[in-house]
Novice: 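Here it is, the structure, as structure tokens.
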Amino acid sequence: MPTAREALLNAALTALAGRPWPAVRMVDVASAASVSRQTLYNEFGSKDGLARALVRREADAYLRGVDRVLAEPGGAAEQLVRLAEWTLDEARSRPLLRALLTGFWGECLPEPRPAGRSGAGPGLPAQRRADAGHPAPGALVAAARDRSLAALEQGACRRTDEETAELALRCELAVRLALSCLVAGPPEGVGRLVRAVLSGPGWRAAGR
């Protein structure tokens with residue numbers, strides 16, 4: 001059974017699927033989650049706080065998904081192709097993730113404002129302080145790159161610093177190529193595009 005916090009976040013996400021964020025009312029979110037409006041304000045502080053928590057959860061869910069995709073067996077190149085295809089599919093179906101990865105929010109999504117001085121002080125619950133901000137697109141891509149690199153290096157033969165740096169670049173390229181296809185298309189060509197890049201000169205031992 002979800003906690004009150006998870007129920008509220010789920011209710012907010014469901015409401016967002018049917019209307020733009022400015023039209024989502026806190027009272028409706030609380031009612032859909034079967035909790036009081038006071039519980040909602042206690043948990044998130046404000047509608048901006050709810051937006052920050054919703055977006056933060058989406059970023060965290062994406063990074064957990066990166067871990068799951070790269071936990072599947074396969075060579076490094078094939079795993080990165082799979083990561084690019086999965087990233088593209090997820091971003092196409094999840095508007096909040098698409099906004100996080102591209103920086104294009106629009107008027108319908110809850111681009112969260114940074115928490116003010118009173119919104120992140122030590123007197124607040126730890127979870128609400130953790131919702132103080134969300135990663136910029138470059139930071140989220142970098143986090144995906146770092147997690148990808150860590151996953152691909154598990155159990156691998158020892159690499160030189162140069163090979164590790166090259167593999168990190170390939171990890172980042174896989175995600176950035178997915179985003180390029182998301183913005184400019186064609187989305188169905190991301191696997192072919194990533195394979196072409198990763199099979200080019202310079203892949204060497206880092207890609208095996």
Novice: Determine the minimum heavy-atom distance between Ala4 and Thr39, stating which atoms define it.
Specialist: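 Nearest pair, atom of Ala4 first, then Thr39: CB-CG2, 4.4 Å.
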
Novice: Please answer whether the main-chain N or O of Leu83 pairs with a side-chain N or O of Thr87 as donor and acceptor at a distance below 3.5 Å.
Specialist: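 Yes, Thr87 side chain to Leu83 backbone: donor-acceptor pair under 3.5 Å.
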
Novice: Donor-acceptor pair, Ser93 side chain versus Asp89 backbone, under 3.5 Å?
Specialist: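 Answer holds: yes.
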
Novice: With side chain to side chain donor-acceptor pair (under 3.5 Å) as the test, pick out the partner of Asp60 among Arg56, Arg57, Arg64.
Specialist: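 Single pass found, and it is Arg56.
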
Novice: Judged by atom type as modelled, is there a donor-acceptor pair below 3.5 Å linking the side chain of Gln79 to the main-chain atoms of Leu70?
Specialist: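 Indeed, once roles are kept as given, a pair shorter than 3.5 Å links the two residues.
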
Novice: Could you measure the distance from the OG atom of Ser148 to the CG atom of Leu167? Nearest 0.5 Å is fine.
Specialist: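 Going from the OG atom of Ser148 to the CG atom of Leu167 covers 9.0 Å.
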
Novice: Is the closest basic N to carboxylate O distance between Arg52 and Asp48 below 4.0 Å?
Specialist: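 Between Asp48 and Arg52 there is no salt bridge, as every charged N stays at least 4.0 Å from the carboxylate O atoms.
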
Novice: Between Met26 and Phe44, does a side-chain contact (heavy atoms from CB on, under 4.5 Å) hold up when you go through it step by step?
Specialist: CA-CA 11 Å; Met26 296 285 271; Phe44 301 106; 5.5 Å; no

Novice: Kindly determine whether Leu140 and Leu63 satisfy side-chain contact (heavy atoms from CB on, under 4.5 Å), including the steps that lead there.
Specialist: CA-CA 8 Å; Leu140 187 55; Leu63 293 176; 4.0 Å; yes

Novice: Check the pair Thr164 / Thr160 against side-chain contact (heavy atoms from CB on, under 4.5 Å), numbers first and verdict last.
Specialist: CA-CA 6 Å; Thr164 297; Thr160 66; over 6 Å; no

Novice: To the nearest 0.5 Å, what is the distance between CZ on Arg5 and CG on Leu40?
Specialist: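 Reported value, rounded in 0.5 Å steps: 10.5 Å.
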
Novice: Quick one: pull up CG in Leu152 and CZ in Arg147 and give me the separation to the nearest 0.5 Å.
Specialist: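 If I round to the nearest 0.5 Å, the distance is 13.5 Å.
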
Novice: Could you walk me through whether Leu8 and Thr3 pass side-chain contact (heavy atoms from CB on, under 4.5 Å), step by step?
Specialist: CA-CA 9 Å; Leu8 286 163; Thr3 64; over 6 Å; no

Novice: With a cut-off of 6.0 Å (strictly less than), are more than 12 heavy atoms of other residues, nucleotides or ligands near CD of Glu107?
Specialist: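 Atom CD in Glu107 is not packed in, count stays at 12 or less.
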
Novice: Taking all atoms of both residues into account, what is the closest heavy-atom pair of Leu16 and Trp21, and its distance?
Specialist: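 Minimum heavy-atom separation between Leu16 and Trp21: CD1-N, 3.8 Å.
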
Novice: Are Val194 and Leu169 linked, directly or through intermediate hydrophobic residues, by side-chain heavy-atom contacts shorter than 4.5 Å (ILVMFWY only)?
Specialist: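 Yes, because Leu169 and Val194 connect within a single hydrophobic cluster, where side-chain heavy atoms sit under 4.5 Å apart.
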
Novice: To the nearest 0.5 angstrom, please state how far the CG atom of Leu182 sits from the CZ atom of Phe104.
Specialist: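 Interatomic distance, Leu182 CG to Phe104 CZ, rounded to 0.5 Å: 9.5 Å.
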
Novice: Salt bridge or not between Glu78 and Arg82? Use side-chain N to carboxylate O under 4.0 Å.
Specialist: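 Answer for the salt bridge query: no.
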
Novice: Using 0.5 Å steps for rounding, measure from the CD atom of Glu58 to the CG atom of Leu13.
Specialist: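 So the CD of Glu58 and the CG of Leu13 are separated by 6.5 Å.
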
Novice: Hey, what do you get for CD (Glu153) to CD (Glu163), rounding to the nearest 0.5 Å?
Specialist: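 Those atoms lie 10.0 Å apart.
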
Novice: Using side-chain heavy atoms (C-beta onward) and a distance below 4.5 Å, is Thr102 in contact with Pro137?
Specialist: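 No, their side chains stay 4.5 Å or more apart.
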
Novice: Consider only side-chain N and O atoms of Asn42 and Arg37, and report whether a donor and an acceptor are under 3.5 Å apart.
Specialist: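 Asn42 vs Arg37: no donor-acceptor pair found between side chains.
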
Novice: Of all heavy-atom pairs between Val190 and Ala178, which one has the smallest distance, and what is that distance?
Specialist: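 Shortest heavy-atom contact: CG2-CA, 3.8 Å.
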
Novice: Do the side chains of Arg19 and Asp28 get close enough for a salt bridge, i.e. N-O under 4.0 angstrom?
Specialist: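 Salt bridge flag = yes for Asp28 with Arg19.
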
Novice: How far apart are the closest heavy atoms of Glu172 and Val141, and which atoms are they?
Specialist: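 Answer, listing the atom of Glu172 first, then Val141: CG-CG1, 3.9 Å.
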
Novice: Where do Leu149 and Cys171 come nearest, in terms of heavy atoms and distance?
Specialist: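 In this case the closest contact between Leu149 and Cys171 is N-SG, 3.7 Å.
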
Novice: Quick one: does Ser31's side chain have a donor or acceptor within less than 3.5 Å of a partner on Val27's backbone?
Specialist: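 Flag not set: sc Ser31 to bb Val27 has no pair under 3.5 Å.
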
Novice: Closer than 4.0 angstrom, basic N to acidic O: yes or no for Glu90 and Arg98?
Specialist: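 Salt bridge: no.
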
Novice: Where do Pro110 and Val55 come nearest, in terms of heavy atoms and distance?
Specialist: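 Closest heavy-atom pair between Pro110 and Val55: O-CG2, 3.8 Å.
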
